[in-house]
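Notes to accompany the following structure.
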Amino acid sequence: MVKDEGYFLPKWLGYYKQFFKPEDIYVLDHQSSDGSTQNLDVNVIHVTNDVAVDHTWIVNTIQDQQRKLLQDYRCVLFAESDEIVYPLFQTLDNYIDKFLDGQDEYITCIGHEMMQDLEKEKPLSADDPIMPNRRHWFRHPLYDKTLLSKVPLNWAWGFHSQDKPNVHRGLYLLHLHRHDFEMMLKRHEMRVAKWKIKDDGNSGYQFKISQRDELLKYFYEQCKEPQLIPAEHLLSIRGL
């Protein structure tokens, strides 16, 4: 699901089109106004909610779409626009072929957060590729998401958990939200200025941060010392 994702959506599509035909990719367009969802060669499904960040509605809408797709497909992979799902030492489509032949009903990703080294890595422009310019991450169990499934899933807010035990089988998730601080700041400023955000207490509080100092604190909140991304992971994340 996307809303005005003119930066991440092209990169998301460029990555996943390596493994899926355009007719098998589905983008839920939540009233985008930046033109990013126009003239795409993938399926674009329009969804409507005047509140931009409504966690219950977002989860319910994605769950309904997953159930519909499972009527026509043997499995469905869900990923948000800043999430890259990948295995090691094989392509994603080959991994899914093996998953379809196996006994598991679903797979839980192993989550990491990419993080810009503000002292060593320069800010990116919208046209810059990500992977040649970013080399750091940190382990983020919050992004151990169950995203590949042969069966309907019931997710919690943010898709960070669901109603079944985790099943880890060497599938990884790279979360890109912190990959560039200046770009992150611009996205947060735009959201706070233009979007209606439902008051759900502390949940999704990051969507409400738009001040540089406060966002910088959030930027480092889970990890102050990011690690180098191992070479085998860098080689596996192609086309980004």
Side-chain angles (χ1 to χ4, degrees), residues 1-22 24-29 32 34-37 39-44 76-97 99 107-118 120-140 142-145 147-148 159 169-188 219 222-223 226-240:
M1 183 184 291
V2 297
K3 184 177 180 70
D4 295 338
E5 291 290 0
Y7 174 74
F8 275 126
L9 182 57
K11 295 182 183 301
W12 187 93
L13 288 170
Y15 174 76
Y16 287 104
K17 279 184 180 181
Q18 298 175 105
F19 316 111
F20 299 94
K21 297 178 181 178
D24 294 324
I25 296 176
Y26 295 79
V27 173
L28 275 64
D29 177 17
S32 294
D34 63 350
S36 60
T37 55
N39 303 315
L40 299 180
D41 60 352
V42 301
N43 299 282
V44 178
V76 171
L77 173 66
F78 167 64
E80 298 192 83
S81 61
D82 57 1
E83 294 176 348
I84 299 299
V85 176
Y86 67 97
L88 293 179
F89 311 119
Q90 59 183 311
T91 60
L92 181 58
D93 49 347
N94 286 339
Y95 181 96
I96 292 174
D97 286 341
F99 165 67
I107 301 292
T108 305
C109 300
I110 301 168
H112 290 81
E113 180 99 39
M114 179 177 278
M115 189 171 179
Q116 179 188 4
D117 184 327
L118 295 178
K120 299 178 182 178
E121 296 173 339
K122 66 177 183 180
L124 300 180
S125 71
D127 295 328
D128 288 329
I130 294 175
M131 292 311 298
N133 296 294
R134 292 292 179 264
R135 286 290 184 270
H136 297 83
W137 71 1
F138 63 93
R139 177 79 172 95
H140 203 334
L142 187 65
Y143 287 91
D144 286 9
K145 293 187 177 186
L147 300 179
L148 176 63
F159 309 95
R169 297 284 188 264
L171 191 64
Y172 293 85
L173 184 152
L174 182 64
H175 189 224
L176 301 174
H177 188 66
R178 290 177 172 86
H179 86 288
D180 190 274
F181 178 78
E182 293 299 329
M183 200 166 296
M184 181 181 174
L185 178 61
K186 290 178 183 177
R187 285 162 53 80
H188 280 239
F219 187 80
Q222 281 90 16
C223 180
Q227 305 298 312
L228 284 171
I229 301 174
E232 62 269 26
H233 288 264
L234 293 174
L235 291 172
S236 298
I237 307 169
R238 296 173 292 181
L240 185 63

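The first residue of the sequence shown is numbered 1, and numbering continues consecutively from there. For clarity, every value in this text was computed on a predicted model and none was experimentally measured.
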Q: Check step by step if side chain to side chain contact (heavy atoms under 4.5 Å, CB included) holds for His136 and Ile229.
A: CA-CA 5 Å; His136 297 83; Ile229 301 174; 5.5 Å; no
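- The CG atom of Asp4 sits 11.0 Å away from atom OG of Ser81, with the distance rounded to the nearest 0.5 Å.
- Contacts of Arg238 classified as salt bridge (charged side-chain N to carboxylate O under 4.0 Å, His left out), with partners at least two apart in sequence or in another chain: none.
- Side-chain contact between Leu88 and Ser236 is present, with heavy atoms from C-beta onward closer than 4.5 Å.
- Between Lys17 and Val42, the closest side-chain pair of non-hydrogen atoms falls below 4.5 Å.
- You'll find the side chain of Met131 stays beyond 4.5 Å of the side chain of Tyr15, heavy atoms only.
- Checking side-chain atoms of Gln116 against main-chain N and O of Glu121 turns up a donor-acceptor pair under 3.5 Å.
- The shortest side-chain heavy-atom distance between Arg187 and Phe8 falls under the 4.5 Å cut-off.
- Remark: side-chain polar atoms of Arg169 are not paired, donor with acceptor, to backbone N or O of Thr108 under 3.5 angstrom.
- Residues Cys109 and Leu147 share a closest heavy-atom pair of SG-CD1, 4.1 Å.
- For the pair Arg139 and Asp144, the minimum side-chain heavy-atom distance is below 4.5 Å.
- Inter-residue side-chain proximity for Val85 and Leu148 is flagged as unmet; no heavy-atom pair is nearer than 4.5 Å.
- Two residues are said to be in side-chain contact when any heavy atoms from C-beta on lie closer than 4.5 Å; Leu171 and Leu92 meet this criterion.
- In this structure, the ring pair (Phe, Tyr, Trp, His ring centres under 6.0 Å) partners of Phe138, at least two apart in sequence or on a different chain, are His140.
- Classification of the His177-His175 ring pair by plane angle, with boundaries at 30° and 60°, yields parallel.
- Here the side chains of Arg134 and Leu124 are in contact, with some heavy-atom distance below 4.5 Å.
- If you check the side chains of Asp34 and Ser36, you find a donor sitting under 3.5 Å from an acceptor.
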Q: Dump the intermediate steps for side chain to side chain contact (heavy atoms under 4.5 Å, CB included) on Trp12 and Val27, then the final yes or no.
A: CA-CA 10 Å; Trp12 187 93; Val27 173; 4.3 Å; yes
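- Applying side-chain contact (heavy atoms from CB on, under 4.5 Å) to Trp137 and the options Pro226, Pro230, Cys223 leaves one that passes, Pro230.
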(Q) Determine whether Phe78 and Lys145 satisfy the following criterion, side chain to side chain contact (heavy atoms under 4.5 Å, CB included), listing intermediate values before the conclusion. (A) CA-CA 10 Å; Phe78 167 64; Lys145 293 187 177 186; 5.8 Å; no
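- The distance from the CD1 atom of Ile25 to the CZ atom of Phe19 is 10.5 Å, given to the nearest 0.5 Å.
- Taking NE2 of His112 as the reference point, atom CG of Leu173 lies at 10.5 Å (rounded to 0.5 Å).
- In this structure, the side chain of Arg178 engages the main chain of Phe219 through a donor-acceptor pair within 3.5 Å.
- Here the closest non-hydrogen pair linking Met183 and Asp180 is N-OD1, 3.0 Å.
- Put simply, the residue from Ile237, Leu174, Leu176 that forms a side-chain contact (heavy atoms from CB on, under 4.5 Å) with Ile130 is Leu176.
- Under the rule for a ring pair (Phe, Tyr, Trp, His ring centres under 6.0 Å), the partners of Tyr86 that lie at least two apart in sequence or sit in another chain are Tyr172, His233.
- Of the inter-residue distances, the one linking Tyr16 atom OH with Leu240 atom CG reads 9.5 Å to the nearest 0.5 angstrom.
- Interatomic distance, OH of Tyr7 versus CG of Asp82, reported as 11.0 Å (0.5 Å rounding).
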Q: With side-chain hydrogen bond (donor to acceptor under 3.5 Å, both in side chains) as the test, would you mind laying out the steps for Asp127 and Ser125 before giving the verdict?
A: CA-CA 5 Å; Asp127 295 328; Ser125 71; 5.2 Å; no
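- The distance from atom NZ of Lys11 to atom CD1 of Ile84, rounded to the nearest 0.5 Å, is 10.0 Å.
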